[in-house]
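Keep in mind that the numbers below use all heavy atoms, side chains included, and drop hydrogens, waters and symmetry copies.
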Amino acid sequence: MQDRQALGAAGEGHALALAGGHSGEIGHSVVADLDLPHSRVWMHGARKYDPRWCRLDAWSRHVLADRARHVLAQHPDKTTARLAVSCTPAPDPALQSRTCVALRDLLRRIGLDGEPDVTPASVTTRAAVETFEVTGRIEESARRLGLRSLDRAASIVGYDWQTDPAYTDGGPARA
């Protein structure tokens, strides 16, 4: 995926996904979830994801701070002023759908919409991959995405821990 600067003013939904938020969580993020002094945002979790703090890089922090100022000018309640979608009440499926549409638009704008293996979830996956690249720890990637399974996290980042030559002889396990 292209770097964050290439995204320009791509938007708050994209910033939340790049932080590690999933499409089912992003639509629920409100201004009260931002902790700008610590450059993080609270993700409330979902059926498959645990609640957690997600780190914000400088670009995401800037985008979300701007969005917070904008929505608070129109909707002054921090607990209901949504960061990524309209503050109008909507059921969970509608919020998730709005998030997916915004993420698909991002992929189209950066030229990745024709790639068969690139989906809106790929934006969030990037957060797990970055975490694994920096830390070398699959459990940190799992935490970043709120995953309960290390195997699932390894699959998402493309890490085959069972044949990692640093920890095995590189051959397949015996039956």
Minimum-distance pair of heavy atoms, taken over all atoms of [X] and [Y]:
{"X": "V63", "Y": "A15", "result": "CG1-CB, 4.2 Å"}
{"X": "R143", "Y": "R52", "result": "O-CD, 3.1 Å"}
{"X": "M43", "Y": "C54", "result": "CG-SG, 3.6 Å"}
{"X": "A90", "Y": "R82", "result": "N-NH2, 4.3 Å"}

Going by heavy atoms in the side chains, are [X] and [Y] under 4.5 Å from each other?
{"X": "V101", "Y": "R98", "answer": "no"}
{"X": "V71", "Y": "V31", "answer": "yes"}
{"X": "L150", "Y": "W161", "answer": "no"}
{"X": "R40", "Y": "R55", "answer": "no"}
{"X": "L145", "Y": "Y49", "answer": "no"}
{"X": "V30", "Y": "T80", "answer": "no"}
{"X": "V123", "Y": "L107", "answer": "yes"}
{"X": "H44", "Y": "P51", "answer": "no"}

Distance from [X] atom [atom1] to [Y] atom [atom2], nearest 0.5 Å?
{"X": "E130", "Y": "S141", "atom1": "CD", "atom2": "OG", "answer": "10.0 Å"}
{"X": "L64", "Y": "D35", "atom1": "CG", "atom2": "CG", "answer": "12.0 Å"}
{"X": "R152", "Y": "L147", "atom1": "CZ", "atom2": "CG", "answer": "5.0 Å"}
{"X": "L56", "Y": "L18", "atom1": "CG", "atom2": "CG", "answer": "10.5 Å"}
{"X": "S39", "Y": "L34", "atom1": "OG", "atom2": "CG", "answer": "10.0 Å"}
{"X": "L83", "Y": "H70", "atom1": "CG", "atom2": "NE2", "answer": "11.5 Å"}

Handout entry: Verdict with supporting geometry, T79 and D77, side-chain hydrogen bond (donor to acceptor under 3.5 Å, both in side chains)
Key = CA-CA 5 Å; T79 64; D77 184 351; 2.6 Å; yes

Handout entry: Verdict with supporting geometry, L16 and V41, side chain to side chain contact (heavy atoms under 4.5 Å, CB included)
Key = CA-CA 8 Å; L16 292 166; V41 63; 3.9 Å; yes

Residues in side chain to side chain donor-acceptor pair (under 3.5 Å) contact with [X], at least two apart in sequence or another chain:
{"X": "R137", "result": "E139"}
{"X": "D92", "result": "H28"}
{"X": "S23", "result": "Q96"}

Please confirm whether the backbone N or O of [Y] pairs with a side-chain atom of [X], one donor and one acceptor, at under 3.5 Å?
{"X": "T124", "Y": "P120", "value": "no"}
{"X": "T131", "Y": "E140", "value": "no"}
{"X": "H14", "Y": "A102", "value": "yes"}

Problem - Parallel, tilted or perpendicular: ring planes of W53 versus W42, cut at 30 and 60 degrees - result: perpendicular

Exercise for the section: Inspect the contact between R109 and D105 and indicate whether a charged nitrogen and a carboxylate oxygen are less than 4.0 angstrom apart. Expected result: yes

Practice task
Could you tell me whether E133 and R126 make a salt bridge, using a distance below 4.0 angstrom between a side-chain N and a carboxylate O?
Solution key: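 Yes.
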
Exercise for the section: Determine, stepwise, if the pair T119 / L103 fulfils side chain to side chain contact (heavy atoms under 4.5 Å, CB included). Expected result: CA-CA 8 Å; T119 67; L103 293 173; over 6 Å; no

